[in-house]
Amino acid sequence: MTIEIKHHTVQANGIRQHYLEAGDTTGAPVVLLHGFPETSFAWRFQMPELAKHYRVIAPDLRGYGETDKPAAGYDKRTMARDLVELLRVLDIPKIALVGHDRGARVATRFAKDHPELLDRLVVMDNVPTRIVAREFSPQLANSYWFFIFNQVPDLPEALIAGREDLWLRHLFSDWCYNPLAISGAAFDTYVEAYRRPGAVRGAMSDYRAIAEDVAQDKVDADIKIACPTLSLWGADFHAVGKMFDMAAVWAEMASNLRTVAIPQAGHLPQEEQPELVNAALLDFLAGWKA
């Protein structure tokens, strides 16, 4: 069975949003939000499998991929509103939501701000921004150096321009259990994406909203996410599974929690161990009907 993945663009929340779609459009909708330094291409192994059962939508976040890269609007409340407006345009009243890394931060804010639109939530290899800020230490800074570097105005763009391959090679090799897990055509696809005008600036803008994100998160820190939540992470990533008690981290965030650690995976479990991730997602999504 061949699953066709279609590209679409719509105007929503004042920007042109690009998204991938697969599966029966009458099926229960599952939305996949990618992380950094990726695009919707990150879900290439999940979309065909999930689309056998669900309507699957994978947007490029604001600032990434083929979605617009405006000068502002990278706080997670606005980025969650991007998704709300995309769903409104598509006439989708409720979703199951999967977010990885930065996409998980958008998904978490979406869950807090718009619980009526959410049936269940998956957060993948993510320590919430508020908790990263709270626990920041010299040890943590060694692994989270890019949280600081990416916030410096203009300098990352200047240093990375023309060296996008070196920058991405370092990140993918450092963050994956197998340093060459993202190689060949897949690596070239990401390099091409980040050589587009404004692409590096868009990704950096996401991080430059951290102070605003933490301020938003502190306001409702005592309100737990109520819907069924799966926290899934790579067991071997030095900055997440090896550094934090992830079950405890997400027990602080969600009241109806399931946790899964993916073996022999780093920060990109959906690309490093797609079969294990797909099995965990299908198990968690079972029973979701629109």
Lys/Arg N to Asp/Glu carboxylate O, Arg44 vs Glu271, below 4.0 Å: yes

Ring geometry between Phe149 and Trp145 (parallel below 30°, tilted from 30 to 60°, perpendicular above 60°): tilted

Short question: side chain of Trp250, backbone of Asn126 - any donor-acceptor pair under 3.5 Å? yes

Taking the six-membered ring of Phe187 as reference, does the cationic atom of Arg169 (NZ for Lys, CZ for Arg) lie under 6.0 Å from its centre and within 45° of its axis? yes

Only one of Tyr144, Phe146, Phe172, Trp175 clears ring pair (Phe, Tyr, Trp, His ring centres under 6.0 Å) with His267; which? Trp175

Between Arg105 and Thr129: side-chain donor-acceptor atoms closer than 3.5 Å: yes

Answer yes or no: is there an ion pair linking Lys76 with Asp82, defined by an N-O contact shorter than 4.0 Å? no

Looking only at side chains, do Asn278 and Gln46 share a donor and an acceptor under 3.5 Å apart? yes

Heavy-atom side-chain contact between Leu232 and Val123 under 4.5 Å: no

I'd like to check Cys227 versus Asp119 (side-chain heavy atoms, cut-off strictly below 4.5 Å). Are they in contact? no

Check whether any side-chain heavy atom of Lys224 sits under 4.5 Å from a side-chain heavy atom of Met253, and report yes or no. no

Would you call Phe110 and Val84 a side-chain contact if the rule is heavy atoms closer than 4.5 Å? yes

Distance to the ring centre below 6.0 angstrom and angle to the axis at most 45 degrees; does that hold for Arg195 and Tyr190? no

Can you find a pair of side-chain heavy atoms, one from Asp217 and one from Ile131, that are under 4.5 Å apart? no

Asp68 CG to Asn13 CG distance, which is reported to the nearest 0.5 Å: 11.5 Å

Is it true that Glu212 and Arg208 have a side-chain N and a carboxylate O under 4.0 angstrom from each other? no

Side-chain touch Met204/Phe36, heavy atoms, less than 4.5 angstrom: yes

Assess the side chains of Asp75 and Gln216: does a donor N or O sit below 3.5 Å from an acceptor N or O? yes

So, are Arg62 and Asp206 salt-bridged, with charged N and O less than 4.0 Å apart? no

Quick one: does Arg120's side chain get under 4.5 Å of Thr229's, heavy atoms only? no

Sidechain-backbone polar pair: His34 side chain, Leu61 backbone, donor-acceptor under 3.5 Å: yes

Atom CZ of Arg134: over 12 foreign heavy atoms under 6.0 Å: yes

Can you check whether Thr26's main-chain N or O pairs, donor with acceptor, with Asp24's side chain at less than 3.5 Å? yes

Tell me, with the steps shown, if His18 and Thr9 meet side chain to side chain donor-acceptor pair (under 3.5 Å). CA-CA 4 Å; His18 167 256; Thr9 55; over 6 Å; no

